Amino acid sequence: MKGNLMDKFILILTAVEAEKDAVVRGLRGDERFEAHAAGVGPAAAAVTAAAALASNPGHYSLVVSAGIAGGFAGVAPVGSVVIASESIAADLGAETTDGFVPVDELGFGSNRLPVDGDVAARLTERLRDDNIPVAFGPVLTLSTVTGTAMTAAALAERYPGVAAEAMEGFGIAAAADRFGVPFLEIRAVSNAVGPRDRSAWRIGDALAALESACSTLTEVLK
Ligand SMILES: O=C(O)c1cccc(C(=O)CC[C@H]2O[C@@H](n3cnc4c(=O)[nH]cnc43)[C@H](O)[C@@H]2O)c1
């Protein structure tokens, strides 16, 4: 991680207030952190992150996207934590008769953005040491929640090793990239990616896991 953590702050953005409240509980008053609910989806997340970074040059040493997510079968079960190895805008590209072509293959930039690998690795390791179920892998950002087994399978084939999907990470990663601030994504799995079954959601369990992961983050960043 660049810079000295001791003199800067960490911005954590969630989608909704319930996620922000879980993050704040996990931070336990650690004044190095600022947590805000930015709204659902990549645009709301990107606008909020960019506004914060633009109005506070040099103030933040790290920007974190945190919240609940859908977990991919065999990688991230419900109730587990996912630490992103990279952020992928899963539907940023073109549909063709030969399948999806990501924007980088179209020559218009990239649909993948990096994370702070050092912090991501240390956080993953600490969570494992604390016996918290954790997966380290790509996290997708979508504007449409996956609702069928066919789409889940297509995403898992397109992005091997994918751990989770959510709706804000890439927007925040894009703002962090634009302002040269390291990025991290922490997700807690509330549901399985696939056929829509709201009765199977475990949002309470996911928020508890999110709280625990944020508490561990404060330790890792000591
Ligand atoms: O109505 C549904 O079937 C449904 C299924 C899963 C999630 C939703 C949401 O509207 C949640 C959006 C909100 O939570 C994050 N999230 C949680 N699970 C997922 C998911 O499986 N795919 C994408 N996003 C998910 C997301 O980051 C949003 O903030 C509705």
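In this chain, residues are counted from 1 in sequence order. As the structure is a prediction and not an experimental result, all values here were calculated from the model.
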Closer than 3.5 angstrom, by distance alone: can the side chain of R158 be matched with the main-chain N or O of A90 as a donor-acceptor pair? yes
Specify the closest pair of heavy atoms between A84 and V139, including all atoms of both residues, with the distance to one decimal. CB-CG2, 3.6 Å
So which pairs with a foot in residues 62-74 pass side-chain hydrogen bond (donor to acceptor under 3.5 Å, both in side chains), sequence neighbours left out? S65-R187
Before giving the answer on salt bridge (charged side-chain N to carboxylate O under 4.0 Å, His left out), spell out for D118 and R122 the whole-Å C-alpha distance, their side-chain angles and the decisive distance to 0.1 Å. CA-CA 6 Å; D118 172 59; R122 288 193 284 127; 3.1 Å; yes
Got a sec, which hydrophobics cluster with F72, joining ILVMFWY side chains under 4.5 Å apart, including via others? I88, F100, L140, L142, L155, Y159, V162, V193
For the CZ atom of R202 and the CG atom of L207, what is their distance to the nearest 0.5 Å? 13.0 Å
Taking all non-hydrogen atoms of both residues into account, name the closest pair between A44 and A38 and its distance. CB-O, 3.5 Å
Where do N191 and R198 land on the side chain to side chain contact (heavy atoms under 4.5 Å, CB included) test, with the steps shown first? CA-CA 8 Å; N191 57 281; R198 301 189 80 148; over 6 Å; no
Report yes or no: does N111 contribute a side-chain atom to a donor-acceptor pair with the main-chain N or O of A89 at less than 3.5 Å? yes
Is a side-chain donor or acceptor of R25 paired with a backbone partner of C214 at a separation under 3.5 angstrom? no
T216 (side chain) donor-acceptor with S212 (main chain) under 3.5 angstrom: yes
To the nearest 0.5 angstrom, please state how far the OG atom of S143 sits from the CZ atom of F170. 11.5 Å
Using the rule that Ile, Leu, Val, Met, Phe, Trp and Tyr join whenever any side-chain heavy atoms are under 4.5 Å apart, tell me whether L210 and L221 fall into a single cluster. yes
With distance as the sole test, does T151 use its side chain to make a donor-acceptor pair with the main-chain N or O of T148 at under 3.5 Å? no
Just how far is it from atom CG of L92 to atom CZ of F108, taken to the nearest 0.5 Å? 11.0 Å
For the CG atom of L11 and the OH atom of Y60, what is their distance to the nearest 0.5 Å? 5.0 Å
Can you name the closest pair of heavy atoms from V23 and A66 and give their distance? CG2-CB, 4.2 Å
Between F179 and L13, is there shared hydrophobic-cluster membership here, with clusters defined by ILVMFWY side-chain heavy atoms closer than 4.5 Å? yes
Check for a donor-acceptor pair, side chain of D30 on one end and backbone N or O of R32 on the other, with a separation under 3.5 Å. yes
Would you call D177 and F183 a side-chain contact if the rule is heavy atoms closer than 4.5 Å? no
Check whether any side-chain N or O of E168 sits under 3.5 Å from a backbone N or O of G41 as a donor-acceptor pair, and report yes or no. yes
Given side chains that start at C-beta, do those of S61 and I10 come closer than 4.5 Å, heavy atoms only? yes
Under 3.5 Å: donor-acceptor pair, side chain of S190, backbone of A69: yes
Correct closest heavy-atom pair for V82 and A76 would be CG2-CB, 3.5 Å
Which heavy atom of A188 sits nearest to which heavy atom of A206, and what is that distance? CB-O, 3.1 Å
Just verifying a value: how many Å separate I203 CD1 and I68 CD1, rounded to the nearest 0.5 Å? 4.5 Å
Mark yes or no for whether T48, through its side chain, and A45, through its backbone, hold a donor-acceptor pair below 3.5 Å. no
Over all heavy atoms of both residues, which pair between S87 and T141 is shortest? Give the atoms and the distance, please. OG-OG1, 4.0 Å
T14 side, atom OG1; H36 side, atom NE2 - distance, nearest 0.5 Å: 10.0 Å
Verify same cluster id: I186, L127 (apolar side-chain graph, 4.5 Å): yes
Report yes or no: do L123 and L27 belong to one cluster of Ile/Leu/Val/Met/Phe/Trp/Tyr joined by side chain heavy-atom distances under 4.5 Å? yes
Flag yes if more than 12 heavy atoms outside R28 fall under 6.0 Å of its CZ atom; otherwise flag no. no
A15 backbone acceptor or donor facing E19 side chain under 3.5 Å: yes
Do I83 and V220 share a hydrophobic cluster, counting only Ile, Leu, Val, Met, Phe, Trp and Tyr and linking them when any side-chain heavy atoms are less than 4.5 Å apart? yes
Going through the distances and angles, do F33 and L217 end up as a side chain to side chain contact (heavy atoms under 4.5 Å, CB included)? CA-CA 10 Å; F33 295 80; L217 179 63; 3.8 Å; yes
Audit row: E17, K20, salt bridge (charged side-chain N to carboxylate O under 4.0 Å, His left out) steps and yes/no: CA-CA 5 Å; E17 290 294 332; K20 188 205 73 173; 3.1 Å; yes
